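So that we are looking at the same thing, I have put the structure below in structure tokens.
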2 protein chains.
Amino acid sequence: MSQSHTRVAEALRDEACPVTEVLDHVAGKWSIGILIAAAHGPVRFTELERAIKGISRRMLTLNLRRLERDGLLIRTVHPTVPPKVEYSLTPMARELHACLTGLVGWAESHRPAIARARAAYDATART
Amino acid sequence: MSQSHTRVAEALRDEACPVTEVLDHVAGKWSIGILIAAAHGPVRFTELERAIKGISRRMLTLNLRRLERDGLLIRTVHPTVPPKVEYSLTPMARELHACLTGLVGWAESHRPAIARARAAYDATART
DNA sequence: CAGCATCCGGCTCGATACTG
DNA sequence: CAGTATCGAGCCGGATGCTG
């Protein structure tokens with residue numbers, strides 16, 4: 001294991017920007033939620049808007065555009081009346097989705113522990 | 001596969017806040033880098049500062065504090081002159097580190113594809 | 001329905017200077 | 001060495017109102 005994370009660390013050190021740049025998708029407050037919500041299959045704009053709850057139209061649009069631009073989302077416009085737009089993951093994004101799922105799983109299982117650590121820290125640091 | 005991501009999606013929909021809250025560690029621009037850099041074993045403040053390159057003293061300190069507070073980092077102060085402080089991952093953070101490694105791996109392998117998608121998008125959208 | 005434009009407040013972050 | 005303090009710019013993100 002020491003081998004692999006050394007490689008990763010070197011990638012970060014040598015050229016922090018490129019990797020960070022790509023990882024910024026995940027860094028976005030909403031990106032993970034959008035990607036996971038869109039993984040269900042073709043999802044419409046409004047569905048996403050309600051699925052994520054808390055996101056504004058503006059932020060949703062912005063993130064959608066960025067994810068589409070970077071080849072993570074496919075945007076399909078159905079020229080009907082009323083308009084209908086569907087978003088789905090590209091194969092590349094599906095791989096990312098797998099990682100994301102792991103991340104969310106971690107978050108869920110450790111949430112209590114984190115809350116405890118936080119409380120303990122606040123109690124101690126309050127000298 | 002459809003089962004697992006449905007569960008995750010429900011977790012996001014039902015209580016987007018808690019999960020997002022935890023995931024915000026990863027969301028931070030620097031968190032991933034810090035966690036990966038600290039995974040080497042005990043790392044000193046200055047080592048981190050140079051390893052991450054681009055981060056300011058302030059941001060490093062802030063992130064370090066937050067990660068420590070949430071039980072992801074252990075901060076060990078050696079009462080020597082000059083002072084010496086070492087950071088290392090908690091077991092909980094080690095698990096997270098595994099996910100992060102996957103993420104970075106994904107980012108590295110798809111960087112070219114993302115760059116291409118971006119270029120293509122910019123070319124097309126420029127009507 | 002699925003956006004885009006505009007305004008604007010807040011908080012993040014970087015730069016700089018100082019300390020135990 | 002390992003931080004803390006302060007200040008100010010900038011971007012993020014919410015609210016609102018308008019279109020095809």
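Because the structure is a prediction, the values reported are computed rather than measured. Proteins come first, then strands; the chains are lettered A, B, ... in the order of their sequence lines, and each starts at number 1.
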Can you work out whether A/Ser56 or B/Glu47 has the more 5'-proximal nearest nucleotide on DNA chain D? B/Glu47
Give the first and the last nucleotide of DNA chain D, reading 5' to 3', that has any atom under 4.0 Å from a heavy atom of chain B.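 Nucleotide range with atoms under 4.0 Å of chain B: D/dC1 to D/dT6.
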Please determine, by modelled atom types, if B/His40 and B/Glu47 share a side-chain donor-acceptor pair under 3.5 angstrom. no
Nearest 0.5 angstrom please: A/Arg65 CZ to B/Tyr121 OH, how far? 5.5 Å
Grab the CD-P distance between B/Glu49 and C/dG14 for me, whole Å please. 12 Å
Do A/Ile32 and A/Leu62 share a hydrophobic cluster (ILVMFWY, side-chain heavy atoms under 4.5 Å, transitive)? yes
Separation of B/Glu86 CD from B/Ile74 CD1 (nearest 0.5 Å): 11.5 Å
Need one value for A/Arg57: base, sugar-phosphate or nothing, where a base atom within 4.0 Å counts as base even if backbone is also close, heavy atoms only. base
Give a yes or no on whether the backbone of A/Met92 and the side-chain of B/Trp106 come within a donor-acceptor separation of less than 3.5 Å.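 At least one qualifying donor-acceptor pair exists.
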Same cluster for A/Val77 and A/Leu64 if Ile/Leu/Val/Met/Phe/Trp/Tyr side chains link at under 4.5 Å? yes
Check: A/Ile52 and A/Ile34 side chains under 4.5 Å, non-hydrogen atoms: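 A side-chain contact under 4.5 Å exists here.
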Are the side chains of A/Thr61 and A/Phe45 in contact, using a 4.5 Å heavy-atom criterion?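 They are in contact (side-chain heavy atoms under 4.5 Å apart), so the answer is yes.
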Could you check which residues of residues 58-87 of chain A get a heavy atom under 4.0 Å from DNA chain D? Sort them by number, please.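 Heavy-atom contacts with DNA chain D come from A/Arg58, A/Met59, A/Pro83.
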